[in-house]
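Here is the structure we will look at, set down as structure tokens.
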Amino acid sequence: MVTLGRHLIGEFYGCDHTLLNDPTTVEQAICDAAHAVGATVLHVQAHRFAPQGVTATVIIAESHLSIHTWPEHGYAAADIFTCGGLDPAPGFRLLQQRLRAETTRVQVIVRGTDEHIARAGDLMPDDVVVLSSLAPLEHAPTLGTSS
């Protein structure tokens with residue numbers, strides 16, 4: 001693999017509300033997702049919010065995974081950032097199954113230098129359309145500031 005990493009951003013809709021509100025279930029699912037991509041798990045942390053919702057993170061030797069849930073909406077958002085040639089897709093599919101998601105949306109960001117990204121074309125399926133590209137920092141837009 002020529003890229004430094006891949007960052008998969010997954011969204012899960014129509015999930016089981018009970019599962020999304022159970023920190024043990026969410027933590028186990030994100031850990032299992034890390035194992036599904038072949039990662040080396042270093043640290044796991046989960047937190048349940050009141051009145052509802054869970055956030056869990058997994059630090060892996062190859063980067064990280066995180067998930068945030070909104071049980072009241074049947075929705076979860078997950079990041080799977082892998083380096084070292086690991087494919088994040090198996091982790092996404094595992095989360096889809098475990099959360100019983102009816103539908104999903106996924107984005108994959110190729111990480112690395114301009115050279116790595118330019119050589120990563122073989123990682124993108126033919127039906128993927130690039131919606132944005134990198135610009136040198138001096139040409140990056142500035143974000144508004146609050147008054």
Side-chain angles (χ1 to χ4, degrees), residues 1-135 140-141 143-144 146:
M1 172 150 328
V2 296
T3 182
L4 288 182
R6 285 185 278 178
H7 192 159
L8 185 149
I9 299 171
E11 298 184 271
F12 305 89
Y13 304 94
C15 300
D16 183 300
H17 301 272
T18 304
L19 295 175
L20 293 181
N21 208 35
D22 179 11
T24 303
T25 298
V26 172
E27 181 178 320
Q28 187 63 56
I30 198 79
C31 282
D32 290 347
H35 292 295
V37 304
T40 304
V41 174
L42 302 175
H43 182 73
V44 181
Q45 182 72 47
H47 177 79
R48 183 176 186 279
F49 294 94
Q52 57 196 354
V54 174
T55 291
T57 59
V58 179
I59 304 301
I60 58 176
E62 303 82 5
S63 196
H64 70 276
L65 292 82
S66 65
I67 188 166
H68 310 279
T69 73
W70 287 263
E72 69 274 26
H73 300 291
Y75 171 78
D79 288 6
I80 304 174
F81 185 178
T82 59
C83 301
L86 298 182
D87 180 3
F92 175 81
R93 287 190 292 274
L94 184 139
L95 289 173
Q96 180 180 12
Q97 293 170 347
R98 291 285 181 84
L99 301 175
R100 299 182 189 153
E102 293 175 1
T103 59
T104 61
R105 183 169 61 175
V106 65
Q107 301 173 57
V108 178
I109 301 169
V110 177
R111 305 300 294 262
T113 66
D114 288 345
E115 181 181 331
H116 290 102
I117 293 168
R119 292 188 306 174
D122 60 327
L123 295 174
M124 297 299 161
D126 292 336
D127 61 344
V128 170
V129 177
V130 176
L131 299 178
S132 64
S133 60
L134 297 177
L143 299 176
S146 57

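Every heavy atom of this structure was used, including side-chain atoms; hydrogens, water molecules and symmetry mates were not.
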Please check this pair: side chain of His7 against backbone of Phe81, looking for a donor-acceptor N/O pair closer than 3.5 Å. no
Kindly say whether Gln45 contributes a backbone atom to a donor-acceptor pair with the side chain of Glu27 at under 3.5 angstrom? no
Interatomic distance, [X] atom [atom1] to [Y] atom [atom2] [nearest 0.5 angstrom]:
X: His35; Y: Ile60; atom1: NE2; atom2: CD1; result: 10.5 Å
X: Leu94; Y: Cys31; atom1: CG; atom2: SG; result: 11.0 Å
X: Leu65; Y: Ile30; atom1: CG; atom2: CD1; result: 4.5 Å

Kindly give the heavy-atom pair with the smallest separation between [X] and [Y], and that separation in Å.
X: Trp70; Y: His68; result: CZ3-O, 3.4 Å
X: Val44; Y: Val41; result: CG2-CG1, 3.7 Å
X: Arg100; Y: Asp16; result: NH1-OD2, 3.2 Å
X: Ala89; Y: Asp87; result: N-OD1, 3.0 Å
X: Leu20; Y: Gly74; result: CD1-C, 3.6 Å
X: Phe49; Y: Thr55; result: CE1-OG1, 3.3 Å

Could you name each residue pair satisfying salt bridge (Lys or Arg N to Asp or Glu O under 4.0 Å) that touches residues 30-50, not counting sequence neighbours? Asp32-Arg98
Non-neighbouring partners of Thr24 that pass side chain to side chain contact (heavy atoms under 4.5 Å, CB included), sequence neighbours left out: Asp22
Hey, does Ser63 have a side-chain heavy atom less than 4.5 Å from the side chain of Thr82? no
Under 4.5 Å between any side-chain heavy atoms of Leu99 and Thr69, yes or no? no
Picking from Leu8, Val106, Ile9, what satisfies side-chain contact (heavy atoms from CB on, under 4.5 Å) with Pro88? Leu8
Could you check Phe92 against Thr104 for side chain to side chain contact (heavy atoms under 4.5 Å, CB included), going step by step and ending with a plain yes or no? CA-CA 10 Å; Phe92 175 81; Thr104 61; 3.5 Å; yes
Under the side-chain hydrogen bond (donor to acceptor under 3.5 Å, both in side chains) test, residues paired with His64 that sit two or more places apart: none
